[in-house]
Amino acid sequence: MRALNRARLLWGYLWGKCRLNALPVEYIVETTAKCNIYCPMCPRETHKQPKEDMSDAVFERLVDESGSSAEHMMLIGLGEPLLDNKIFDRIEYCDRHKISTLLSTNGTLLDEQASERLLNSSLEHITLSFDGSTKESFEFYRKGAKFERVRNNFVRFAKMKAALKSKVQVVVQMVRMEKNWDEVADFESFWKSIPGVDLTRVKADETDLMSPDGGHAPGDFQHPCHYLWRGPMYIKHNGDAYACCQSYMLDGAPVGRIGEQSLPEIWNSAEMQRMRQLHREGRAGEIGICSKCRTSIPHPVLVAGSLVFHGRTVRKLLPWVERIAYWSRLPIQLLRPQKQARPMPNQPASDLVQISSPKD
């Protein structure tokens, strides 16, 4: 069923269909809107969030309706997943529907007990967010988090993973910004030395907060954005469904709500079809959220590849695709990069994302 769903999505993407006889492969699911730190580059600073979790009714409705087509759910959003008391239950609920899961954490709550529970769960991927290699830069971007405590939590988690021989993929990620720009080498040197870390990832800031005049240039829309055909669709904690992972943060309107419409109705709503048509016609710049978006638009060859393979496989291969694109300087051909609002010191023209493994 999942292979057939992907085939239908691929057919719809290649032929520019506005109405799809299939559902997204991936979802970003905000199981909680609560967070315990403040980050100047986070959309929480401009989009105030309630201290609420996603209800069981919304979460289970989403998983039940997508269970035969969804392959990957990122249980993240504008909240810290470990503040969701039901996060471990949600991971297992997805697993029972054969849906793989990913978490991203700020690490403040990743104590030994939480680490053990995660490593013994069905979680397949985890991103450890660590924006800097010095106390000064880290605590500037992660206000309320302590450098030594979070670093120790991440080191312990990775070493526990190695000791338990857990199969969860562990990625330590830094968003490269002005105050940590020159810390990449130290960041990678430290985290590559930690047993249990599979990859380090250095990526560009994809929010508008630190440089609001960025976005895509008109020439970037040579190919339709895959998000509108493949996903992920972004589901807020209250059930509001957004067209893609960036839509809510860029002040887009929801295209439906879980529980009020079925998933096929939401995925093929009038607004979703309008956006697909404009992308198909090369007029995506007329869509407000798309003109402000910073994420890269892959070449159709990569989009096709992402729909040939199962979402679990794609998630594992994605860092290596990014890595090849970075080191071979191919993103202009294969990954249309976002326009940079303010060039950073010594920034390469095609600097998009940098992936490294401990074996490098």
Side-chain angles (χ1 to χ4, degrees), residues 35-46 76-83 102-111 114-115 125-159 161 169-212 214 249 294-295 319 322-323 326-327 338 340-348 351-358 360:
C35 194
N36 57 344
I37 64 173
Y38 299 91
C39 307
M41 68 288 193
C42 178
R44 292 182 63 88
E45 300 306 302
T46 54
I76 55 178
L78 295 187
E80 164 54 43
L82 293 180
L83 283 171
L102 173 149
L103 289 187
S104 177
T105 178
N106 62 37
T108 56
L109 302 174
L110 194 62
D111 56 20
S115 297
H125 309 266
I126 188 166
T127 296
L128 310 179
S129 298
F130 202 76
D131 294 324
S133 62
T134 66
K135 180 180 178 69
E136 179 183 19
S137 61
F138 176 85
E139 293 187 1
F140 176 84
Y141 290 120
R142 298 275 168 172
K143 299 183 187 303
K146 298 300 181 183
F147 176 78
E148 293 85 359
R149 179 181 177 182
V150 173
R151 185 178 63 183
N152 291 343
N153 284 352
F154 285 168
V155 169
R156 181 180 55 234
F157 179 86
K159 289 183 175 179
K161 178 248 178 162
Q169 184 181 46
V170 176
V171 179
V172 185
Q173 176 176 286
M174 182 177 86
V175 177
R176 199 176 191 186
M177 296 169 285
E178 189 171 3
K179 289 187 179 297
N180 65 13
W181 192 259
D182 296 324
E183 299 178 6
V184 172
D186 290 340
F187 169 85
E188 292 189 334
S189 176
F190 179 84
W191 290 108
K192 285 181 184 179
S193 69
I194 305 301
V197 173
D198 296 299
L199 295 168
T200 61
R201 187 174 193 256
V202 180
K203 60 173 285 187
D205 179 17
E206 294 177 348
T207 70
D208 280 351
L209 300 184
M210 305 297 283
S211 50
M249 289 70 123
R294 295 176 176 277
T295 58
E322 291 177 329
R323 184 182 183 189
Y326 179 86
W327 289 114
Q338 72 270 27
Q340 291 295 327
R342 294 183 301 160
M344 295 295 183
N346 304 316
Q347 180 180 9
D351 191 9
L352 178 66
V353 65
Q354 182 172 340
I355 302 290
S356 298
S357 69
D360 292 344

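All figures in this text were calculated on a predicted structure; none of them were measured in a lab.
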| query | For the atom pair OG (Ser104) and CD (Glu80), what is the distance rounded to the nearest 0.5 Å? | reply |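 Here the rounded value is 8.0 Å.
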
| said: If I take atom OG1 from residue Thr127 and atom CD from residue Gln169, how far apart are they, to the nearest 0.5 angstrom? | reply: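 Reported value, rounded in 0.5 Å steps: 8.0 Å.
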
[X] versus [Y]: any side-chain heavy-atom pair under 4.5 Å?
X	Y	result
Asp131	Gln173	no
Ile126	Val171	no
Arg142	Val150	no
Leu78	Cys35	no

Identify the heavy atoms of [X] and [Y] that sit nearest to each other, and give their distance.
X	Y	answer
Ala158	Val197	CB-CG2, 3.9 Å
Gly79	Pro81	O-CD, 3.4 Å
Thr105	Phe154	O-CZ, 3.8 Å
Pro40	Lys143	CD-CE, 4.5 Å
Ala145	Ile37	N-CG2, 3.9 Å

Is there a donor-acceptor contact under 3.5 Å from the side chain of [X] to the main chain of [Y]?
X	Y	result
Ser115	Asp111	yes
Asn180	Arg176	no
Tyr38	Tyr141	no
Asp186	Ser133	no

| field | All ring-ring contact (aromatic ring centres under 6.0 Å, His included) counterparts of Phe138, not counting sequence neighbours | value |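 Result, ring-ring contact (aromatic ring centres under 6.0 Å, His included) vs Phe138: Phe130, Phe147.
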
| request: Could you pull out all residues at least two apart from Phe190 that satisfy ring-ring contact (aromatic ring centres under 6.0 Å, His included)? | output: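 None.
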
Test side-chain hydrogen bond (donor to acceptor under 3.5 Å, both in side chains) applied to [X] - qualifying residues, sequence neighbours left out:
X	answer
Asn36	Asn106, Thr108
Ser137	Thr134, Glu183
Arg156	Asn153

| request: Before accepting this row, confirm whether a basic side-chain N of the pair Asp198/Lys161 lies closer than 4.0 Å to the acidic partner's carboxylate O. | output: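 Yes, charged N to carboxylate O under 4.0 Å.
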
| field | Verdict with reasoning, Met177 to Met41, per side chain to side chain contact (heavy atoms under 4.5 Å, CB included) | value | CA-CA 9 Å; Met177 296 169 285; Met41 68 288 193; 3.9 Å; yes

| said: Just to verify, what does Glu139 make a salt bridge (Lys or Arg N to Asp or Glu O under 4.0 Å) with, not counting sequence neighbours? | reply: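 So Glu139 forms a salt bridge (Lys or Arg N to Asp or Glu O under 4.0 Å) with Lys135.
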
| field | Residue pair Val172, Ile194: steps toward the side chain to side chain contact (heavy atoms under 4.5 Å, CB included) verdict | value | CA-CA 10 Å; Val172 185; Ile194 305 301; over 6 Å; no

